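Data block below; observations after.
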Amino acid sequence: MARACQLAGYETLVIGKGKLSDENNDICEYKGVAYTTMQRAASNQVKNLLTFRKRRRLYTEYLKKYASDAKFIIPYACSCPSHMKKIIQFGKATGIRVICDITEWYSFRQFTGLIGKIYYLIFQYSFRHVFFKCDKMICCSKLVKSFFEKKNSNILILHGIMDASEFLPAIIPENKKTVFVYAGSPGRKDLLRQFISALEILDEEIANKIEFNIIGLSQHDIAKMKKQYGERANMYPRMPREKLKGIIKNADFSILLRPNLRYANAGFPSKLCESMAMGTPMMANITGDIGDYLSESNAIIIHDTSVKSVMEAMIAAVRLERDKYLGFRHEALQIAKNNFDISVWSARLKEFLEA
């Protein structure tokens, strides 16, 4: 987002929490974007909750210090109502327009434990009673926009934004098997086990032609899944981003399977944007606005979340003709460049911000 705003001619500063690359300077730079931090990231959810009150004071201090002469403030992933209210109040007092960027609409079932439920309730209050009070809104899907548009008509839908050049060059993998990759932490969002269950019932001839790599699991999940499923999939912990990009580029398909529930229909998966930017087509079911970009001309579509449908999709991928597959890769890459790249969004953002 900051890079796209820079391309549109704006000077940007990202204020967040976490570690600075140079602790001796108040402001550091990452790929041309200036950033600073209010405080180090909390080590766990309990500490994160306990620092809410302190962060409210820090919001005031940092807004006065760095944003007093800003034209726009764009809160991103700020779900605490008191923090959001503080930003909105600052904007109204100074005449600075506040544009809320909403990337999720959580469901109750996504959260476990007392701390998780408290976070969900906090988010819901902000979602229903605070976010729409911003001057404008950036929403991650049509569903989220439809919820807010009666209270705030100044809304831009932004499904995904990235610097596509970071994922180039795209390659054409020459794998002996059909390689599927899942990258990320599935949590309660992604139905990863459906793929492993499908591998269990596939005909042995087809199963032997498949390699399935899962990257980003905790050590606990790796041990648990290996105990349950054996060696049907290669499971890896989190790894450096550059190494991960290399694995995705060399895969034949990135996989994604989400239930037809509100959180899946309201959000938009960044892993889809990034995979397509590397020229790696998706194997996925259609939830939310994914269907705006995926079709049978650039992806293997899983028709529902059943193990049977996943198995049928895997078979189709293994049997896919080479020429058609190369067409998948080319179209996926073009869709990413034409829809998600910062060069495309810079002009759209400027028009939206200035309107």
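From a predicted model like this one, the values you see are computed outputs, not experimental measurements.
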Worked check of side chain to side chain contact (heavy atoms under 4.5 Å, CB included) between Phe127 and Ile122: CA-CA 9 Å; Phe127 197 91; Ile122 289 171; over 6 Å; no

Tell me the closest heavy-atom pair linking [X] and [Y], and the distance in Å.
X      : Y      : value
Ala251 : Pro173 : O-CG, 3.8 Å
Ala67  : Ile96  : O-CD1, 3.0 Å
Pro281 : Asn298 : CB-O, 3.5 Å
Met282 : Leu272 : SD-CA, 4.0 Å
Ile290 : Pro269 : CD1-CG, 3.9 Å
Arg97  : Leu353 : NH1-O, 3.2 Å

Do [X] and [Y] come within less than 4.5 Å of each other through their side chains, counting heavy atoms only?
X      : Y      : result
Ile172 : Arg329 : yes
Asn234 : Tyr236 : yes
Val181 : Ile247 : yes
Tyr59  : Ile87  : yes
Thr37  : Lys19  : no
Pro237 : Ile222 : yes
Met84  : Cys134 : yes
Phe195 : Ile302 : yes

Worked check of side-chain hydrogen bond (donor to acceptor under 3.5 Å, both in side chains) between Asp304 and Ser309: CA-CA 6 Å; Asp304 57 53; Ser309 288; 2.7 Å; yes

Passing candidate, salt bridge (Lys or Arg N to Asp or Glu O under 4.0 Å) with Asp163, options Lys31, Arg3, Lys337: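 Only one of Lys31, Arg3, Lys337 forms a salt bridge (Lys or Arg N to Asp or Glu O under 4.0 Å) with Asp163, namely Arg3.
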
Tell me whether [X] shares a hydrophobic cluster with [Y], the cluster being built from Ile, Leu, Val, Met, Phe, Trp, Tyr side chains joined at under 4.5 Å.
X      : Y      : answer
Leu63  : Tyr66  : yes
Tyr125 : Ile88  : yes
Ile196 : Met314 : yes
Leu199 : Leu192 : yes
Val130 : Ile102 : yes

Test side-chain hydrogen bond (donor to acceptor under 3.5 Å, both in side chains) applied to Tyr182 and Asn213, step by step: CA-CA 6 Å; Tyr182 174 89; Asn213 298 314; over 6 Å; no

Flag if over 12 foreign heavy atoms under 6.0 Å of NZ, Lys117: yes

Parallel, tilted or perpendicular, as decided by the 30° and 60° cut-offs, for the rings of Phe180 and Phe212: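 Perpendicular: the ring planes of Phe212 and Phe180 meet at over 60°.
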
Parallel, tilted or perpendicular: ring planes of Trp105 versus Phe147, cut at 30 and 60 degrees: tilted

Salt bridge (charged side-chain N to carboxylate O under 4.0 Å, His left out) between Lys145 and Asp289, intermediate numbers included: CA-CA 12 Å; Lys145 179 186 177 183; Asp289 298 343; over 6 Å; no

Full working for side chain to side chain contact (heavy atoms under 4.5 Å, CB included) between Leu217 and Arg238: CA-CA 6 Å; Leu217 298 173; Arg238 291 183 179 182; over 6 Å; no

Worked verdict on Tyr30 versus Tyr35 for ring pair (Phe, Tyr, Trp, His ring centres under 6.0 Å): CA-CA 7 Å; Tyr30 178 75; Tyr35 73 94; 7.3 Å; no

Approximate separation, where rounding is to 0.5 Å, of Leu202 CG and Lys209 NZ: 11.5 Å

Euclidean distance, Ser141 OG relative to Asn265 CG, rounded to 0.5 Å: 8.5 Å

Verdict with reasoning, Asn260 to Thr305, per side chain to side chain contact (heavy atoms under 4.5 Å, CB included): CA-CA 9 Å; Asn260 186 25; Thr305 59; over 6 Å; no

Presence of salt bridge, Asp221 and Lys226, under 4.0 angstrom: no

Glu242 with Lys245: basic N within carboxylate O range, under 4.0 Å: yes

Chi angles and distances behind the salt bridge (charged side-chain N to carboxylate O under 4.0 Å, His left out) call for Lys308, Glu312: CA-CA 6 Å; Lys308 182 175 181 292; Glu312 291 171 350; 2.6 Å; yes

Residues Lys271, Asp190; criterion side chain to side chain contact (heavy atoms under 4.5 Å, CB included); working and verdict: CA-CA 12 Å; Lys271 57 171 60 72; Asp190 300 337; 3.7 Å; yes

Please check: side-chain N/O of [X] versus main-chain N/O of [Y], any donor-acceptor pairing under 3.5 Å?
X      : Y      : result
Asn208 : Glu204 : yes
Asp101 : Met137 : no
Ser275 : Ser254 : no
Ser197 : Gln194 : no
Thr280 : Ile248 : yes

Within 45° cone of Phe132 ring axis and under 6.0 Å: Lys151 NZ or CZ: yes

Pi-cation contact, Phe352 with Lys136 (under 6.0 Å, within 45°):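 That pair qualifies as a cation-pi contact.
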
Check against salt bridge (charged side-chain N to carboxylate O under 4.0 Å, His left out), Arg193 and Glu200: CA-CA 11 Å; Arg193 284 177 170 80; Glu200 291 183 313; over 6 Å; no

Pairs where residues 344-355 contributes a residue and the test side-chain hydrogen bond (donor to acceptor under 3.5 Å, both in side chains) is met, not counting sequence neighbours: Tyr10-Glu354, Lys71-Glu354

Pairs meeting criterion side-chain hydrogen bond (donor to acceptor under 3.5 Å, both in side chains) with involvement of residues 168-180, two or more places apart: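 Found Glu174-Arg322, Asn175-Asp252.
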
Tyr106 and Phe111 aromatic centres sub-6.0 Å: yes

Aromatic ring proximity, centroids under 6.0 angstrom, Phe108 and Phe123: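 No - the distance between ring centres of Phe123 and Phe108 does not fall below the 6.0 Å cut-off.
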
Met239, Lys243, Met235 screened by side-chain contact (heavy atoms from CB on, under 4.5 Å) with Ile215, the one that passes: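 When Met239, Lys243, Met235 are each tested with Ile215, the side-chain contact (heavy atoms from CB on, under 4.5 Å) holds only for Met239.
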
Pairs where residues 288-320 contributes a residue and the test ring pair (Phe, Tyr, Trp, His ring centres under 6.0 Å) is met, not counting sequence neighbours: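 For residues 288-320, and leaving out neighbouring residues, the ring pair (Phe, Tyr, Trp, His ring centres under 6.0 Å) pairs sorted by first residue read His159-Tyr293, Phe268-Tyr293, Tyr293-Phe340.
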
